[in-house]
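Report on the structure given below.
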Protein chains: 2
Amino acid sequence: MCIVDTNINLMSEEATSQPHLTREDEIDASRCAIVAVDTVIFTIKNNELCVLLIKVNHGYFKDSWAIPGGIVDINETLYDTAKNRLEEKTGLKDVYLEQLYSFGDLGRDPRRRIVSVSYFALVNGEKAELNKTERYAAIEWIPIHKIGKLAYDHNAIINYAILRLQYKMEYTNVVYGLMPEKFTLSELQKVYEIILERQLDKRNFRRKILSIDLIKEAGNEIGVAHRPSKLYSFKDKKRKIVQIF
Amino acid sequence: MCIVDTNINLMSEEATSQPHLTREDEIDASRCAIVAVDTVIFTIKNNELCVLLIKVNHGYFKDSWAIPGGIVDINETLYDTAKNRLEEKTGLKDVYLEQLYSFGDLGRDPRRRIVSVSYFALVNGEKAELNKTERYAAIEWIPIHKIGKLAYDHNAIINYAILRLQYKMEYTNVVYGLMPEKFTLSELQKVYEIILERQLDKRNFRRKILSIDLIKEAGNEIGVAHRPSKLYSFKDKKRKIVQIF
DNA sequence: CCAAAAGTGTTGGGGATACACCCATGA
DNA sequence: TCATGGGTGTATCCCCAACACTTTTGG
């Protein structure tokens, strides 16, 4: 069992009677959908999987919570839009960032037809301090089980992102995006348990993780009131396909 | 081993000095990227995996081959755009259609900043007769190993689609999109072998396929010069996550 | 010496793989 | 009767899951 089926059913509507635009026509942008990027940013805080939400402070969705995003500028790639908006809002650089899915339902933005290319990002909890110098009324980490009704179709985007994250935990090394530089095996196991929402066997987990060539020893804990554990760090922080479970 | 890592590295470029658009601004569409849908349509012909290509007959890419696509109209969903353009070009309805990835590099369309939401479609070889009443110079099924340099970034899109298809063959039932209503187990195995590009053991393949609750018996072959095989059909043609290999 | 978390091996069962021969039909 | 592809069973191996006690440190 592995990954999410990426097809989401979208509302169907008959085409208009106007002829459809094709690549060869002159393009009238006012008849077109435009592109935004929205990013689901995950971190682990207090043993919970959390998402970064911002409170919209004007417009149709004033006072609703939403995931951060922005319209794609004509000379910024999708990836850079996600990366730059994320950096502006959180001060975070070098986070794990991956395209998720594109949402294009007709009614999803009340002002205008906008297609949202969603991304998901993984941030290590220690770095996840927020840059509050923002135009938003609020910006907060919210545990996924306490998320209410959000602006736009952002609940659907987050739900999809959670599924994708769960699958990716099982067959890739993305977990590195959520971990600090050094960590214990118990901490790593805990992150898996939080995201997969099930308990794992300590011995089997250790054997499995150590058998794949993913992490290396990095010293020992000090000053804890019990047997100090070995610390580990990732050998490299490049995405890999690795079957974990 | 399971699925493709969906992140593709995109060219990086510094943001402009203009302030970035956000959800709350008035939107000037001329500063925005607009959305197209491009679809990689697969079928099996002559024991080869083929993609539907069209020959562009005017504009910058005149005489290049490309995958079919079109600009997303302001009141058509992404899915419907893919479905409707595909039906217009091929006459095919009820095909398997799934969103693939969104491509947003800056230079990918020479005329204008266009983000392409790509889809992939699966068509059963028997139905894959083409509707030639088109505005294109040519429309053809091309075996994937004979595809040359295409217009836009369509080679990258196809390569990505092939990878996705290979992964999906292993853990879903999508193969139904490529099969006729009735088929033999040997034909089904052949389709797997073509797409996965490796040989499979006949006995193990049969045991595996029959052990998961996917297909049902549907009579026997007649008039063949050897022991007639049983025919099968899919129990239902809904996408499912099913580990095959 | 006690509390707390770290660390460590073995066993059994199930699923995957590898492998070769007989069967049913049309010509 | 022959050529063609259809159809079938078994043995082995490896991986996964289940399971409990000892070790090391600080207080």
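Chain identifiers are assigned alphabetically (A, B, ...) following the order of the sequence lines, protein sequences preceding nucleic acid strands; residue numbering begins at 1 within each chain.
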Next on the checklist: Run the salt bridge (Lys or Arg N to Asp or Glu O under 4.0 Å) test against A/Lys93 and tell me which residues pass, sequence neighbours left out.
Outcome noted: A/Glu87
Checklist outcome for this item: Rounded to whole Å, NZ of B/Lys230 lies from P of D/dG5 at a distance of 20 Å
Checklist entry - So, B/Arg239 and B/Glu98, do they make that salt bridge, N to O below 4.0 Å? => result no
Checklist outcome for this item: Taken to the nearest whole Å, CD1/B/Ile222 to C1'/D/dG6 is 17 Å
Checklist entry - Taking the six-membered ring where the residue is Trp, are the ring centres of B/Tyr152 and B/Phe103 under 6.0 Å apart? => result no
Checklist outcome for this item: Note: for A/Leu185 and A/His226 on DNA chain C, the residue whose nearest nucleotide lies more 5' is A/His226
Next on the checklist: Both B/Ser186 and A/Val224 contact DNA chain D. Which one's nearest nucleotide lies toward the 5' end?
Outcome noted: B/Ser186
Next on the checklist: How many whole angstroms separate atom CZ of B/Phe245 from atom P of C/dG15?
Outcome noted: 17 Å
Item to check | Rounded interatomic separation in angstrom, taking CD from A/Glu221 and C1' from D/dT24 | outcome: 12 Å
Next on the checklist: I need the CD-P distance between B/Gln189 and D/dG5, as an integer number of Å.
Outcome noted: 14 Å
Next on the checklist: Expressed as a whole number of angstroms, how long is the span from B/Ile212:CD1 to C/dA16:P?
Outcome noted: 10 Å
Next on the checklist: From OH of B/Tyr232 over to C1' of D/dG6, roughly how many Å is that when rounded to an integer?
Outcome noted: 10 Å
Checklist entry - In whole angstroms, how far is the C1' atom of C/dA16 from the CD atom of B/Gln243? => result 12 Å
Checklist outcome for this item: Residues in residues 191-209 of chain B with a heavy atom under 4.0 Å of DNA chain D, by number, are B/Lys202, B/Arg203, B/Arg206, B/Arg207
Item to check | 5' precedence on DNA chain C between B/Arg227 and A/Asn220 (nearest-nucleotide basis) | outcome: A/Asn220
Checklist entry - So B/Arg85 and B/Glu88, salt bridge (Lys or Arg N to Asp or Glu O under 4.0 Å) or not? Walk me through it. => result CA-CA 5 Å; B/Arg85 290 315 142 273; B/Glu88 289 159 17; 3.0 Å; yes
Next on the checklist: Using ring centroids (six-membered ring only for Trp), state whether A/Phe120 and A/Tyr160 fall under 6.0 Å.
Outcome noted: no
Checklist entry - Looking just at side-chain N and O atoms, do B/Ser116 and B/Asp38 make a donor-acceptor pair shorter than 3.5 Å? => result yes
Checklist entry - Are A/Phe183 and A/Phe234 near enough that their ring centres are under 6.0 Å apart? => result yes
